[in-house]
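FYI, the numbering just counts along the sequence from 1.
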Amino acid sequence: MLYPEEMLYEEMSFISYYYHWSAREVEALDHRSRRRWCEQISAIHEKQDLSSGQEKSILDWRSI
């Protein structure tokens, strides 16, 4: 079973945007690592949003 291409690009874009990693660096990650990085980025932003009083982060990462 192949991982959906749209989701792959979504994860890659998310990580590249926040960590400023190149496409080559993000492509080298396996699926589990990419998901973990996406979850960590989201957790950081959720903490910041909670401390600022915002109700929900726009950066919520969906569970697969």
Side-chain angles (χ1 to χ4, degrees):
M1 178 183 219
L2 294 175
Y3 194 65
E5 185 177 8
E6 184 177 323
M7 292 183 77
L8 173 63
Y9 280 101
E10 189 174 283
E11 289 176 0
M12 290 177 57
S13 298
F14 192 73
I15 295 168
S16 296
Y17 179 80
Y18 285 98
Y19 287 142
H20 306 286
W21 291 354
S22 70
R24 187 178 305 256
E25 291 170 306
V26 180
E27 285 173 348
L29 298 171
D30 61 36
H31 171 68
R32 184 176 290 180
S33 295
R34 279 193 319 274
R35 294 291 305 149
R36 180 77 187 260
W37 284 111
C38 290
E39 290 167 4
Q40 291 299 315
I41 293 166
S42 294
I44 291 167
H45 286 282
E46 279 184 33
K47 281 183 182 180
Q48 290 173 346
D49 289 342
L50 289 175
S51 66
S52 69
Q54 290 183 354
E55 204 168 293
K56 183 176 179 182
S57 173
I58 61 169
L59 303 170
D60 287 337
W61 192 254
R62 66 177 159 238
S63 299
I64 296 177

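Each of Tyr18 and Tyr9 belongs to its own hydrophobic cluster when Ile, Leu, Val, Met, Phe, Trp and Tyr are linked at side-chain heavy-atom distances under 4.5 angstrom.
Residues Arg34 and His31 are in side-chain contact: their nearest non-hydrogen atoms beyond the backbone lie under 4.5 Å apart.
A side-chain donor-acceptor contact under 3.5 Å links Tyr3 and Glu11.
Remark: Tyr19 pairs with Trp21, Trp37 by the ring-ring contact (aromatic ring centres under 6.0 Å, His included) rule, at least two apart or across chains. Applying the side chain to side chain donor-acceptor pair (under 3.5 Å) rule to Ser33 yields the partners Asp30; only residues at least two apart in sequence or on another chain are considered. In terms of the side chain to side chain donor-acceptor pair (under 3.5 Å) criterion, residue partners of Glu25 (sequence neighbours excluded) are, by chain and number, Ser22.
Distance check, rounded to the nearest 0.5 Å: CD of Glu27 to OG of Ser16 gives 9.0 Å. Here the straight-line distance linking atom CD of Gln40 with atom CZ of Arg35 works out to 12.0 Å at 0.5 Å rounding.
For the pair Ile41 and Ile15, the tightest heavy-atom approach, listed with the atom from each and the gap, is CD1-CA, 4.0 Å.
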